[in-house]
Amino acid sequence: MPRSSRTQTLLLSVFGALLLVSVTAFAFTFESQLAWQHRDAIATEVEGVRLVAGGEAPDVEMNVTVENPTGRAVTLTGAALVVYEGAPPFEDDRQLSVPRTASVPRTTVSAGESETVTVTARAGNVTRARRAIARGTATPSGTLEVELVGRGFTVDV
Amino acid sequence: MSDRTWTLVDVLARPAEASYRRRRVRVAAVLYVGVLAGVVGALAMYPFRMIEIAPAWASENALAAVTLTSGVLVKLLCEQLRASVAAFVVASAVGAVAAIALRVLPYLLLGLPPLGGYALLPVAGDTLTFVLFGQFPLQLTGYLVGVVYDGARA
């Protein structure tokens, strides 16, 4: 004995509600997944490497512009940058900043936007650093730590 | 209503009744309910699989409940037992194909190099494993709940 028309309509409404819930959950997750798989397109550009007065010793500061073409906001959470003298390949004896001292303020870059942040690191050999910056041969190299849809990864600088 | 006067709209509005009608009407009901359940299962299992990037309201329990309920509805909306078995088979096949297609879609949309399809094989294999051990058992459990409910009601 088949169900009544009313019951069938009710069951179809439940099916419709399930479809709506699953489509919505899928759409949100799919957009995040697209953004995650698009993360390699996040680009950085460094300019304005300079020496500034720090706490105990001068600091090396630089402006890093982060371009986020993905569909979701990204958050900068850390930096692992060292400023070298000259061009790659870099060697330890050409370091102008002290490794593991770079820091970046926690900054959110909205989807499709660019943001410029200031990265600071403690200067190593100040005289050498000042000379390299004046000659335009101070080259930062390393990564920025970035968070996208709750997952962390690094972007080359 | 005679079998000859059944239209597609009637099948869409009353699939449970259509599942008792002649072959043509029955097949339409089986495909309708089966495809719908397969698509719902695949769509719900996608965020379940990537729960860390899914919206907060779409919890694992909620998504599992959606998939399980879609299995129950296969039986309730394709009431005749043999037709419901066919609808469940359709739901499983469509669910598997849809799940793989949805997982591969970002690669195609972003133009990521599939290396002649080789890069997509592990993704497809991984998804198929999840369908077999996640989506299918949930819908099967739901379907069996529907069978038991209808059996108790008979």
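Per chain, numbering begins at 1; letters A, B, ... match sequence-line order.
By the rule that hydrophobic residues join a cluster once side-chain heavy atoms approach within less than 4.5 Å of another member, V72(B) and L144(B) end up as members of one cluster. Hydrophobic clustering keeps L68(B) apart from L132(B) (ILVMFWY residues linked when any side-chain heavy atoms are closer than 4.5 Å, directly or through intermediates). Tracing side-chain contacts under 4.5 Å through hydrophobic residues (I, L, V, M, F, W, Y), one never reaches F88(B) starting from V131(B); they form parts of separate clusters. No continuous path of hydrophobic side-chain contacts links L20(A) to V14(A) [ILVMFWY only; heavy atoms under 4.5 Å]. No continuous path of ILVMFWY side-chain contacts below 4.5 Å connects L76(A) to V82(A), so the two sit in separate hydrophobic clusters.
Of the atoms belonging to A44(B), heavy atoms from both backbone and side chain fall under 4.5 Å from chain A. Looking at R72(A), neither its backbone nor its side chain comes within 4.5 Å of chain B, counting heavy atoms on both sides. When heavy atoms are compared at a cutoff of 4.5 Å, T24(A) approaches chain B by way of both its backbone and its side chain. Only the side chain of R103(B) comes within contact range of chain A, with heavy atoms under 4.5 Å apart. Both the backbone and the side chain of A37(B) come within contact range of chain A, each with at least one heavy atom under 4.5 Å from a heavy atom of that chain.
Of the listed residues (L18(A), L148(A), V23(A)), the greatest number of heavy-atom pairs within a distance under 4.5 Å of chain B belongs to L18(A). For the set L12(A), L19(A), T9(A), L34(A), the count of heavy-atom pairs under 4.5 angstrom toward chain B peaks at L12(A). Taking A65(B), A62(B), A18(B), P55(B) one by one and counting their heavy-atom pairs under 4.5 Å with chain A, the maximum is reached by P55(B). Each of L76(B), T69(B), L63(B) has some count of heavy-atom pairs under 4.5 Å with chain A, and the biggest count is that of L76(B).
How far CE of M45(B) is from CZ of F26(A): 13.5 Å, rounded to the nearest 0.5 Å. To the nearest 0.5 Å, atoms CG (L109(B)) and CD (Q33(A)) are separated by 11.5 Å. Atom CD of E17(B) and atom OG of S4(A) lie 9.5 Å apart (nearest 0.5 Å). Taking OG1 of T7(A) as the start and CG of L77(B) as the end, the distance is 10.5 Å to the nearest 0.5 Å. Put simply, OG1 on T29(A) and CD1 on I51(B) are 7.5 Å apart, with the number rounded to the nearest 0.5 Å. Atoms CG and CG, on L110(B) and D40(A) in that order, are 10.5 Å from each other to the nearest 0.5 Å.
Side-chain contact between F15(A) and L36(B) is present, with at least one heavy-atom pair separated by less than 4.5 Å. Contact annotation: the side chain of S22(A) never approaches that of V39(B) to less than 4.5 Å [non-hydrogen atoms, C-beta and beyond].
Of all heavy-atom pairs spanning Q8(A) and A13(B), the tightest one is CB-O, 4.1 Å. For A25(A) against A58(B), the heavy-atom pair with the smallest separation is CB-CB, 4.0 Å. When all heavy atoms of F30(A) and L102(B) are compared, the pair lying nearest together is CE1-O, 3.9 Å.
E52(B) contributes no side-chain N or O that, together with a main-chain N or O of G150(A), makes up a donor-acceptor pair within less than 3.5 Å.
Atom CZ of F28(A) has 12 or fewer heavy atoms from other residues, nucleotides or ligands within 6.0 Å. Heavy atoms from other residues, nucleotides or ligands lying under 6.0 Å from CZ of R151(A) number more than 12.
For E147(A), the salt bridge (charged side-chain N to carboxylate O under 4.0 Å, His left out) test picks out no residue, with sequence neighbours left out.
Annotation: residues 116-142 of chain A contacts chain B through no residue [non-hydrogen atoms, separation under 4.5 Å].
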